[in-house]
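Note on naming: letters A, B, ... go to the chains in the order of the sequence lines (proteins, then strands), and numbering restarts at 1 for each one.
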Protein chains: 4
Amino acid sequence: MAGINKVILIGNLGKDPEVRHLEGGASVAHFTLATNDHYKDKQGNRVERTEWHNITAWRGLAEMAEKYLKKGHQVYIEGKLRTRQYQDKDNQTRYITEIVADEITMLGGRPSGSDGPAAPEQAVAVAPVTFRQEPELDQLPF
Amino acid sequence: MAGINKVILIGNLGKDPEVRHLEGGASVAHFTLATNDHYKDKQGNRVERTEWHNITAWRGLAEMAEKYLKKGHQVYIEGKLRTRQYQDKDNQTRYITEIVADEITMLGGRPSGSDGPAAPEQAVAVAPVTFRQEPELDQLPF
Amino acid sequence: MAGINKVILIGNLGKDPEVRHLEGGASVAHFTLATNDHYKDKQGNRVERTEWHNITAWRGLAEMAEKYLKKGHQVYIEGKLRTRQYQDKDNQTRYITEIVADEITMLGGRPSGSDGPAAPEQAVAVAPVTFRQEPELDQLPF
Amino acid sequence: MAGINKVILIGNLGKDPEVRHLEGGASVAHFTLATNDHYKDKQGNRVERTEWHNITAWRGLAEMAEKYLKKGHQVYIEGKLRTRQYQDKDNQTRYITEIVADEITMLGGRPSGSDGPAAPEQAVAVAPVTFRQEPELDQLPF
DNA sequence: TTTT
DNA sequence: TTTT
């Protein structure tokens, strides 16, 4: 029976996207995204908490990421959870959980104190990355 | 700036929930959830793909999971992504990404060929698990 | 600046879909969906509440609805909110808010007390209905 | 069987919130939110489309809206669909569909061409508005 | 390890 | 490693 696997994030890029152009024409981008939350602890103090997410974007979304997304930009991302295995340097099996993006929308935010221009007010939405490209994902070092 | 960190899943439990009742009265449940997807490959064959998710539920949701959720049941889960560090048996730092549930709703599905009764048609929704309980999470072996 | 307009529903069809096959080959389906909720009132009694939604599905999703969806079936629907104007019989302008489906997944549930067979456990997900078809929506009586 | 009724919007306020302080201490806010989308038509021209949503917020969220939200501000809203009946001036029954907010997060954006200061970069998230307050909604003119 |  |  088919299921649903959906992630919705609003956060800030921790670094510029790293984009690889694969043989065959497909592109893939990786970056990290911070989502910030806060709560009051038992003493009533405000406590900040940041969660870091590994984002992967394919094809048109990878090219959009390469062109428009920079460290610090605020984005909305919709995608799917995907956990991959890989072998670490000691040949141990390790797991990494990523969000494979289906849609990325740029929001207005930018780092305070930034001298640069605001994030271009643009948005990209594509049809879900088809699973045909996914086997290529397994060949990638992260 | 506050962000959004939201996960929506519909899938089937891979095993019965494991529930721990902590000192102080809180409970925590862990289980795995499979979300199934399918696509056509380049040859037009239907290919199945299953993604496994680690689910954590606290307090009232943990007790609901203990009482009502069994291996194979189909559920809707809404929650947040959270990546924790832990030390493996070789004292290496490892990471695990979990979905901390804010809401669990039982759906009608059950394993075909099951002799048992259908999933009770019940649902539980609670206010978001407050972050005050989360430090306890770090004390848990998984 | 681009925005986000997303609706996620799990509920039961209030009637069989009504499907129209338009000139030019496109199809459109309409049906209503009930989402049930419950809460405790001040006296602690359980109170049921049903919300009814107008669902519209285009093209492949309309054909899927025509073939597989029946009154009482439980479905997951993801889509967009859209409010249309129309003229009522007294030539007054009226508004109706619909959910235009991007994805429909059949869940296992069926009406309690139903003698009929369970919903076929099948699922369909398509790329978002492109906006090119939407002008046609305005020509439809509902 | 319980269902799911969830709306996720990112858009800009069409006007300042109108807030009413009810007898008994509860507050309720109303405002409209525009979500913008765009697509290419058959001739390849970029076409803009704006959808307007009626937002209702209760209690703590209403007070947050009153204090912090202004016309033009960009927000993330999560809530539930709710369709209410009312009698129009000719005593005809009419329907209006609203999004009852469960969570509002302020984003960095502000109207282009605005001379005013940026939206304060603050966020509020509350537990879902309990249904106990909802009967009061029916007493409100909109 | 689920489900179809 | 972001942001406030």
Side-chain angles (χ1 to χ4, degrees), chain A residues 1-5 9-18 30-39 46-55 69-77 83 106-114 116 118-119, chain B residues 1-5 9-18 30-39 46-55 69-77 83 106-114 116 118-119, chain C residues 68 105-109 118-124, chain D residues 68 105-109 118-124:
Chain A
M1 190 186 312
I4 300 296
N5 173 357
L9 303 173
I10 296 178
N12 300 84
L13 278 82
K15 55 176 184 178
D16 290 355
E18 292 170 15
H30 289 290
F31 57 91
T32 53
L33 191 80
T35 56
N36 302 291
D37 213 333
H38 54 267
Y39 62 98
R46 184 185 164 98
V47 182
E48 302 280 342
R49 183 176 159 75
T50 296
E51 191 69 38
W52 286 98
H53 309 273
N54 299 307
I55 311 295
L69 299 186
K70 298 289 171 210
K71 178 177 172 174
H73 282 183
Q74 186 188 34
V75 292
Y76 168 95
I77 294 183
T83 298
M106 299 182 74
L107 301 173
R110 59 192 179 285
S112 67
S114 165
Chain B
M1 192 185 311
I4 301 296
N5 173 357
L9 303 173
I10 296 178
N12 300 85
L13 278 81
K15 57 175 183 178
D16 290 355
E18 291 171 15
H30 289 289
F31 57 91
T32 52
L33 191 81
T35 56
N36 301 292
D37 213 333
H38 55 266
Y39 61 97
R46 182 185 166 98
V47 181
E48 301 280 342
R49 183 177 159 75
T50 297
E51 192 68 39
W52 286 98
H53 309 273
N54 299 306
I55 311 295
L69 298 186
K70 299 288 169 209
K71 177 177 172 173
H73 281 184
Q74 187 188 33
V75 292
Y76 168 95
I77 294 182
T83 298
M106 300 183 73
L107 301 173
R110 57 190 179 289
S112 67
S114 165
Chain C
Y68 296 116
T105 297
M106 299 182 74
L107 301 174
E121 295 193 340
Q122 268 173 293
V124 169
Chain D
Y68 296 115
T105 297
M106 299 181 76
L107 301 173
E121 294 194 340
Q122 268 173 295
V124 169

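Under the 3.5 Å distance criterion, the side-chain polar atoms of A:Asn36 are left unmatched by any main-chain donor or acceptor of B:Gly3. Under a 3.5 Å cut-off, the side chain of A:Glu51 and the backbone N or O of B:Thr83 do form a donor-acceptor pair.
Note: CG (A:Asp37) to P (F:dT4) measures 16 Å, nearest angstrom. As rounded to whole Å, 13 Å separates atom P of E:dT4 from atom CG of C:Leu107. Separating the CD1 atom of B:Ile10 from the P atom of E:dT2 is a distance of 20 Å, rounded to the nearest angstrom. Going from atom CZ of A:Arg49 over to atom P of F:dT1 covers 18 Å, rounded to whole Å. Rounded to whole Å, atom P of E:dT3 lies 12 Å from atom CG of B:Asp16. Rounded to whole angstrom, the span from the CG atom of A:Leu13 across to the P atom of F:dT2 amounts to 11 Å. Note: NE2 (B:His38) to P (E:dT3) measures 18 Å, nearest angstrom. Residue A:His73 contributes atom NE2, which lies 14 Å from atom P of F:dT2 at whole-angstrom precision.
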Self-check item: Derivation and outcome, side-chain contact (heavy atoms from CB on, under 4.5 Å), residues A:Ile10 and D:Thr105
Solution: CA-CA 10 Å; A:Ile10 296 178; D:Thr105 297; over 6 Å; no
Quiz prompt | side-chain contact (heavy atoms from CB on, under 4.5 Å) between A:Ile55 and A:Val75, intermediate numbers included | solution = CA-CA 12 Å; A:Ile55 311 295; A:Val75 292; over 6 Å; no
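Nearest to the side chain of A:Lys15, among E:dT2, E:dT1, F:dT1, sits F:dT1. Closest to the A:Thr32 side chain, of the nucleotides F:dT1, E:dT1, E:dT4, is F:dT1. Minimum atom distance to the side chain of B:Asn12 is reached by E:dT3, of the listed F:dT3, E:dT3, E:dT1. Considering only the side chain of B:Glu48, E:dT4 comes nearest among E:dT2, E:dT4, F:dT2.
With centroids closer than 5.5 Å and planes inclined by less than 30 degrees as the test, B:Trp52 and the base of E:dT2 fail to qualify as a stacked pair.
Residue-to-nucleotide contacts include a donor-acceptor pair under 3.5 Å from the side chain of A:Asn36 to the base of F:dT3.
One distance of note links NZ of B:Lys70 with CG of B:Leu13; it measures 10.0 Å at 0.5 Å rounding.
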